[in-house]
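As the structure is a computational prediction, the values presented were derived from the model and not from experiment.
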Amino acid sequence: MNIPRTSFPRIVIIGGGFAGVALAKKLSKQEVQVVLLDRNNYHTFQPLLYQVSTGGLEPDSIAYPIRKILKDFPNFYFRLANVEEIDTIKNKVITNIGNLNFDYLVVASGSTTNFFGNADVEKYSMAMKTIPQSLNLRSLILENFEDALLTSDLNERNALMNFVIVGGGPTGVELAGALAEIKKGILPKDYPDLDTRLAQIHIIQSSDCILKGMSENASKKAEDFLEKLGVNIWKNVRVTNYDGETVTTNTDLTFKTATLVWAAGVKGATIKGLDAEEFISRGNRILVNEFNQVKGFNHVFAIGDIACLVSDEFPNGFPMMAQPAIQQGDQLGDNILKFIEEKPMTPFSYKDKGAMATIGRNKAVVDLKNWKFQGVFAWYVWMFVHLFFLIGFRNRMVVFVNWVYNYVRFDREARLIIRPFKKHSRKRK
């Protein structure tokens with residue numbers, strides 16, 4: 001990989017998400033060599049992926065070059081690579097561009113969509129965990145309406161204009177709200193010769209409420225907001241299969257749709273070498289102790305979505321969200337330096353700063369530790385927080401200008417089919 005040799009300890013970080021970037025920034029000016037590996041050369045602000053999918057933002061406004069984040073820091077190196085295996089005996093990372101030895105390894109590989117073993121759902125549905133996936137979904141949504149114009153089959157037209165979202169968490173709720181606003185304000189103008197009133201948006205939730213991790217009031221208010229926007233919410237319903245045309249459930253409900261968006265859960269993106277049963281917990285996450293050390297190792301750590309730190313308050317590990325990842329990356333930076341200097345490390349303690357979700361224009365729910373509120377003010381708070389955590393002044397300005405323009409004009413300028421997407425077709429018998 002052409003990484004220079006050094007007398008400093010080499011710390012290899014796998015993953016340029018929230019956790020990996022937070023750790024790299026923490027270590028950037030210390031007497032260590034930091035090597036960050038990622039399959040993309042950019043960091044993605046995942047909470048706004050749904051806006052890329054629905055034409056509210058272009059992808060470059062929520063992505064930022066990893067090299068630019070840490071360009072002024074000495075002893076930092078980035079390599080574009082797919083990590084294929086971790087050799088914990090020889091302290092070596094094996095990638096598609098070569099092998100790299102390490103003194104300390106931090107796995108921050110994040111998470112991937114969890115289809116719960118359903119091969120058909122994985123094949124025919126749409127995920128929304130990466131920028132390419134979001135662009136694919138955007139293209140498919142727009143292509144469906146173009147195809148709806150061309151068919152004279154009413155059932156086919158309805159299926160092309162029906163959208164089923166599986167999962168009532170923040171991702172599913174925010175995507176449903178955005179699609180409902182497109183149906184209300186944009187489609188009638190773009191497709192005057194198509195009865196877009198027939199378009200349907202469905203959320204299927206396996207439990208008895210949406211936004212399950214938030215307060216009961218937030219869940220109820222979000223449901224009210226969505227219903228006023230015309231979104232159909234189906235609770236206590238579990239999807240059992242999707243063949244590209246028909247969604248079947250554990251009830252007598254079925255849905256004809258050309259677009260099923262799977263937002264029902266994620267699982268840890270494990271890597272060969274640290275995927276043995278003794279390392280893995282529920283959700284395919286790597287078991288770590290209170291210092292984020294992987295079970296059985298002193299010099300191998302895991303942080304972010306991939307890490308499962310079990311506690312009395314969080315028996316299944318911390319939520320797979322940005323805040324725990326950022327906090328773990330920041331504290332591990334201090335702890336690794338202490339470990340190198342043979343000083344006692346500090347146990348990780350998660351500071352829950354709350355949760356929030358937006359359901360569209362002037363509609364959001366916010367749960368803080370001592371304050372829970374909904375509506376217009378919550379929507380402004382949601383916007384401010386997301387702008388604050390975006391990396392880069394340009395990205396903040398681009399997103400802010402887009403939001404102001406979309407609000408004033410009730411429009412989404414990025415509804416472009418840049419690269420056509422064709423999903424898998426159902427095999428006919």
Side-chain angles (χ1 to χ4, degrees), residues 45-58 61-62 128 163 165 167-189 196 199 201-203 205 209-233 235 263 319 321-323 352-390 393 395-415:
F45 191 75
Q46 290 185 332
L48 294 180
L49 280 172
Y50 82 95
Q51 293 210 4
V52 174
S53 299
T54 54
L57 295 172
E58 283 290 4
S61 60
I62 66 164
M128 200 178 63
F163 300 92
I165 301 166
T171 299
V173 165
E174 292 179 343
L175 178 62
L179 287 172
E181 290 196 329
I182 289 175
K183 172 187 172 181
K184 177 182 177 182
I186 294 175
L187 294 182
K189 293 182 289 186
T196 55
I201 301 156
H202 304 274
I203 291 180
Q205 172 66 3
C209 67
I210 61 173
L211 297 179
K212 192 174 181 180
M214 298 185 69
S215 66
E216 183 180 347
N217 196 33
S219 174
K220 184 64 175 65
K221 197 66 177 179
E223 189 173 333
D224 291 343
F225 285 149
L226 287 168
E227 287 177 346
K228 287 178 181 177
L229 286 170
V231 176
N232 303 301
I233 302 173
K235 295 179 288 187
M321 301 188 303
Q323 271 305 312
D352 189 352
K353 297 184 178 180
M356 57 184 66
T358 181
I359 302 94
R361 183 187 181 95
N362 295 335
K363 301 177 184 69
V365 292
V366 174
D367 281 358
L368 303 181
K369 187 175 181 179
N370 299 314
W371 190 22
K372 297 173 176 57
F373 51 100
Q374 305 85 35
V376 177
F377 180 65
W379 185 64
Y380 282 113
V381 170
W382 179 92
M383 286 196 299
F384 172 79
V385 169
H386 283 69
L387 285 172
F388 178 81
F389 281 104
L390 272 169
F393 176 77
N395 283 20
R396 294 189 186 106
M397 288 304 300
V398 168
V399 170
F400 177 72
V401 169
N402 270 274
W403 282 350
V404 171
Y405 179 86
N406 294 345
Y407 185 85
V408 173
R409 296 291 302 272
F410 213 109
D411 204 355
R412 290 172 178 258
E413 290 291 329
R415 53 187 187 277

What's the separation between atom [atom1] in [X] and atom [atom2] in [Y], rounded to the nearest 0.5 Å?
{"X": "Thr196", "Y": "Ile182", "atom1": "OG1", "atom2": "CD1", "answer": "11.5 Å"}
{"X": "Leu179", "Y": "Ile165", "atom1": "CG", "atom2": "CD1", "answer": "5.0 Å"}
{"X": "Ile201", "Y": "Glu181", "atom1": "CD1", "atom2": "CD", "answer": "10.0 Å"}
{"X": "Thr171", "Y": "Met128", "atom1": "OG1", "atom2": "CE", "answer": "5.5 Å"}
{"X": "Ile359", "Y": "Glu174", "atom1": "CD1", "atom2": "CD", "answer": "7.5 Å"}
{"X": "Ile233", "Y": "Lys235", "atom1": "CD1", "atom2": "NZ", "answer": "7.0 Å"}

Looking at every heavy atom in both [X] and [Y], which two are closest together, and how far apart are they?
{"X": "Gln374", "Y": "Lys372", "value": "NE2-C, 4.0 Å"}
{"X": "Gly56", "Y": "Asn406", "value": "O-ND2, 3.5 Å"}
{"X": "Ala364", "Y": "Ala378", "value": "O-CB, 3.4 Å"}
{"X": "Ala218", "Y": "Asp367", "value": "CB-OD1, 3.7 Å"}
{"X": "Ala199", "Y": "Lys183", "value": "O-NZ, 2.7 Å"}
{"X": "Ala263", "Y": "Gly172", "value": "CB-N, 4.2 Å"}

Look at the side chain of [X] and the backbone N and O of [Y], then say whether any donor-acceptor pair between them is shorter than 3.5 Å.
{"X": "Gln323", "Y": "Lys353", "result": "no"}
{"X": "Thr358", "Y": "Lys363", "result": "yes"}
{"X": "Ser219", "Y": "Ile210", "result": "yes"}
{"X": "Asn402", "Y": "Leu57", "result": "no"}

So does Lys189 have more than 12 non-hydrogen atoms from other groups sitting under 6.0 Å from NZ?
yes
Is atom CZ of Phe400 surrounded by more than 12 heavy atoms (other residues, nucleotides or ligands) closer than 6.0 Å?
no
List the steps and the verdict of ring-ring contact (aromatic ring centres under 6.0 Å, His included) for Trp379 and Tyr407.
CA-CA 12 Å; Trp379 185 64; Tyr407 185 85; 5.3 Å; yes
Would you call Trp403 and Leu387 a side-chain contact if the rule is heavy atoms closer than 4.5 Å?
yes
A side-chain contact here means heavy atoms from C-beta on lying under 4.5 Å apart; do Leu229 and Phe225 qualify?
no
Under 4.0 Å between a Lys/Arg side-chain N and an Asp/Glu carboxylate O for Asp224 and Lys220?
yes
Look at the aromatic rings of Phe373 and Trp371 and report parallel, tilted or perpendicular, splitting at 30° and 60°.
tilted
